[in-house]
2 protein chains.
Amino acid sequence: MTVIYDPQNPLRSPVTSADRVLYAVQQAIVEGDIAAGSKLTETGLAKQFNVSRAPLREALARLERCHLVERTPNAGVRVVTLSYESLIALYQIREELEGLACRLAAEKMANEEVDALSKLLEQHLKDQRVREGESYYQEAGDVDFHYRIILASKNQYLINMLCDELYFLVRMYRVQLGMNGPRVSRAFDEHKAIITAIANRDGELADLLMRRHISASRKNIETKLQAHKEVS
Amino acid sequence: MTVIYDPQNPLRSPVTSADRVLYAVQQAIVEGDIAAGSKLTETGLAKQFNVSRAPLREALARLERCHLVERTPNAGVRVVTLSYESLIALYQIREELEGLACRLAAEKMANEEVDALSKLLEQHLKDQRVREGESYYQEAGDVDFHYRIILASKNQYLINMLCDELYFLVRMYRVQLGMNGPRVSRAFDEHKAIITAIANRDGELADLLMRRHISASRKNIETKLQAHKEVS
DNA sequence: CGACAGCATTATGTCGACAATGTCAGGAAT
DNA sequence: ATTCCTGACATTGTCGACATAATGCTGTCG
C-alpha cells in the first residue's frame, strides 16, 4: 500500500514523477492556490508540470483517494468544494477514528515515546513563532501531534485512513479558513491533558479527551465557515 | 469521487475497461481464485484480460485503495495476506465506523426505510437458501444489511470508507475462511435488535449493539483464522 | 562450498498518438 | 422565443513502444 505519509519518509521525497506532481498539486489544493471547485484538465496539468498524462492520471487518482478531487467517468476531475455538510461528516469520522487511535496509543506507546511527545509539546509552547500565532508553525505543530498519536496506534488501516486519506482535507479546511485564532492556547492545554491520560495508560479517558478536542476544533471551524459563506 | 459501491448502480455495470478488469480481479481476490500473497504483474494481467496496461494500472490502483493489494514503487503489486493482526485492525475500525453509522442511521433513516430493512430481514429469515446455510446468500444478506445502514448514515466519507475501501477486505476474510457456521441465526437476532433500536430512534443503543455484533463476528472469524493457521 | 559482482532478463515508469466520449455553440423547426 | 438537433471542438480512455529500475542467473573469486 502506498502510504502517502510514510513515517520512514516524513519529507515525502518523490521517487517517481507521479509523486512529484501529486505533492505539488496536493499542496496547491490544500493551500488554495488551485481554487476549490475548479476543474482540472489532464492535458493542462500535464503541460504545466512537464510530464505526460500517464503519471498525471496516477496523481489525480491518488488525489481522489484523499478526497481532494472528485472524478466523473468520461468527464474529468474537479477540486472539491468546502461545505458545512462535508465538514461535519469529516469531523464525525475524525472523532471516532482519532478517539480509537488514542485508546490504542495508550496501550501501545512506549514510555520513551510518551516522553518525547510531551517534550515536543513543551517545545512548541516555548516556540516564539507559535506564540506569535504564525499560522504555518501552529498548523504544523498540531498536525504533528495528531500524527504521532495516530502512528502510535500501530493500526495500519487507521494510519492509512487518517494520515493519507483524511488529513489533507482537514488541513484544507483549516488553511483555507485561516485557523489561527485564539484557540491556540486552549488546544495546547487539551493536547497536554491527552498526553497525561496516555501516560497514565488511561485509554478510555484519552479517547474521551480526544473526541472533545476534535469536537471543539470542529466548532471553531464551523464559525469560520459560517463567516466565510456570508462573505461569498 | 468514484464510489465503487454506488447505490444508483448496485450491479456495478462497468463503464470503462478499467472497471471491467477491476471488478473481475476484485472478485478473484476476494474469493481466493487469485491466491493471497501472490504477485500480480501488469503485463500478465493485461494479456489475460485483453486490455493494455493503462486501464490495468488504474484497476490496480483502485485495488490498492480497497486494501486488497499492496504496491511497492518500482517493484510491483502483491495480493495482501490474511493475518491475525490485520483482522484485528480491520475490525477495530469497523466497530467504530459502523457504530457511528448506526447512530446516524437512527437519526436520519426515514420510517419507510426502516420498514423496508425490517422486511428484508424477515425475508432472509424465510429464505430456504439461507436456512440451508448456503454461504453465498448468507454472505450477501449480511452484507446487504450492513450496507443499507451505512448508506442510511448519509455521511459520504463514511460510506466511501466502509463500502468502497474496507468491505471487500471484510468479505475476503469471510469467504476465504468459510464463514457459514452456526452463527447465522444469532446474527439474525442481532440484526433484528439493531433495527429495533433504530426504529426507536435510539442511536446510542443501536451504536452499542452494532459494536457488539461486529465484535462477535470478529471473535467468530478469529477462531476460524486460528484453525486456518494451524492447518497451513 | 559460499559469497559477491556483473550481466541478461523481466517488470515497472513514462511517453506520444489514436479512439471514444462528452461539451457547447449555432441553426432549424415548432 | 424556445426547444431540439447537429456538428465541431475539447477532453478523457486506451494503446503500443521506449526508458529505467529491479530481479535472477551465471561465473568467478575468496
Side-chain angles (χ1 to χ4, degrees), chain A residues 1-4 6 8-9 12-26 28-29 34-35 37-65 67-81, chain B residues 1-4 6 8-9 12-26 28-29 34-35 37-65 68-81 164:
Chain A
M1 156 187 354
T2 303
V3 174
I4 295 174
D6 184 348
Q8 256 74 46
N9 179 17
R12 308 204 310 154
S13 42
V15 304
T16 177
S17 315
D19 291 338
R20 243 191 47 234
V21 176
L22 171 66
Y23 297 163
V25 179
Q26 208 167 40
I29 292 177
I34 298 176
S38 60
K39 182 170 192 298
L40 299 179
T41 68
E42 296 180 0
T43 47
L45 282 178
K47 267 184 229 164
Q48 194 174 327
F49 286 96
N50 279 322
V51 292
S52 88
R53 281 177 51 220
L56 190 119
R57 275 174 70 89
E58 178 163 336
L60 290 180
R62 283 155 76 179
L63 283 175
E64 194 186 358
R65 180 148 95 179
H67 308 279
L68 291 180
V69 303
E70 294 176 356
R71 158 170 268 151
T72 358
N74 286 315
V77 307
R78 184 169 290 280
V79 178
V80 297
T81 56
Chain B
M1 156 184 357
T2 303
V3 175
I4 294 175
D6 185 348
Q8 255 73 46
N9 179 17
R12 306 203 312 152
S13 43
V15 303
T16 176
S17 317
D19 292 337
R20 244 191 47 233
V21 176
L22 171 66
Y23 298 163
V25 178
Q26 208 168 38
I29 291 176
I34 297 177
S38 60
K39 183 173 193 296
L40 299 180
T41 69
E42 295 179 1
T43 47
L45 282 178
K47 267 185 231 164
Q48 195 175 328
F49 286 95
N50 280 322
V51 292
S52 87
R53 282 177 51 220
L56 191 117
R57 275 173 69 89
E58 178 164 335
L60 289 180
R62 283 155 74 179
L63 283 174
E64 194 186 357
R65 179 149 104 181
L68 291 180
V69 303
E70 293 176 357
R71 159 171 265 151
T72 351
N74 286 315
V77 307
R78 184 169 289 280
V79 178
V80 296
T81 55
D164 298 346

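Side chains are part of it too, since the values below use all heavy atoms of this structure and drop only hydrogens, waters and symmetry mates. Chain letters run A, B, ... following the sequence lines, proteins first and then strands; every chain starts at 1. These numbers were taken from a predicted model, which means no experiment stands behind them.
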Enquirer: Does B/Asp19 come within less than 4.0 Å of B/Arg62, counting only side-chain N to carboxylate O?
Expert: yes
Enquirer: Where do B/Leu22 and B/Ala59 come nearest, in terms of heavy atoms and distance?
Expert: CD1-O, 3.7 Å
Enquirer: Would one find a side-chain N or O of B/Lys39 under 4.0 angstrom from OP1 or OP2 of C/dT12?
Expert: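 Result: yes.
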Enquirer: Once you round to the nearest 0.5 Å, how far does CZ of A/Arg78 lie from CZ of A/Arg71?
Expert: 13.5 Å
Enquirer: At what angle, to 10 degrees, do the two end axes of the helix from C/dC1-D/dG30 to C/dT30-D/dA1 meet, given five pairs define each axis?
Expert: 20°
Enquirer: Taking all non-hydrogen atoms of both residues, which atom of B/Pro55 and which atom of B/Ala18 are closest, and how far apart?
Expert: O-CB, 3.5 Å
Enquirer: Search all heavy atoms of A/Leu56 against all heavy atoms of A/Ala46 and return the closest pair with its distance.
Expert: CD1-N, 3.4 Å
Enquirer: With respect to B/Leu68, which candidate in B/Val79, B/Leu63, B/Val25, B/Val77 satisfies the side chain to side chain contact (heavy atoms under 4.5 Å, CB included) definition?
Expert: B/Leu63
Enquirer: Within the structure shown, what part of the strands sits under 4.0 Å from A/Leu40 by heavy-atom distance: base, sugar-phosphate, or nothing?
Expert: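 Sugar-phosphate only.
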Enquirer: Indicate the atoms forming the closest heavy-atom contact of B/Val69 with B/Leu60, along with that distance.
Expert: CG2-O, 3.9 Å
Enquirer: Which protein N or O atoms sit under 3.5 Å from an N or O of nucleotides 14-22 of chain C?
Expert:
from	atom 1	to	atom 2	distance (Å)
C/dT14	OP1	A/Thr16	OG1	2.5
C/dT14	OP1	A/Ser17	N	2.5
C/dT14	OP1	A/Ser17	OG	2.6
C/dT14	OP2	A/Thr16	OG1	2.9
C/dC15	OP2	A/Ser52	N	2.7
C/dC15	OP2	A/Ser52	OG	3.2

Enquirer: Would you compute the distance between atom CD of A/Glu42 and atom CZ of A/Arg57 and round it to the nearest 0.5 angstrom?
Expert: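 If I round to the nearest 0.5 Å, the distance is 4.5 Å.
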Enquirer: More than 12 foreign heavy atoms under 6.0 Å from NZ of A/Lys47: is that the case here?
Expert: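 No, not enclosed.
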Enquirer: Taking CG from A/Leu56 and P from D/dG13, how many angstroms apart are they, rounded to a whole number?
Expert: 12 Å
Enquirer: Which residues in residues 42-49 of chain B have a heavy atom closer than 4.0 Å to any atom of DNA chain C?
Expert: B/Glu42, B/Thr43
Enquirer: Would you say A/Glu58 and A/Thr16 make side-chain contact, with heavy atoms under 4.5 Å?
Expert: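 Side chain of A/Glu58 against side chain of A/Thr16, heavy atoms only: no contact under 4.5 Å found.
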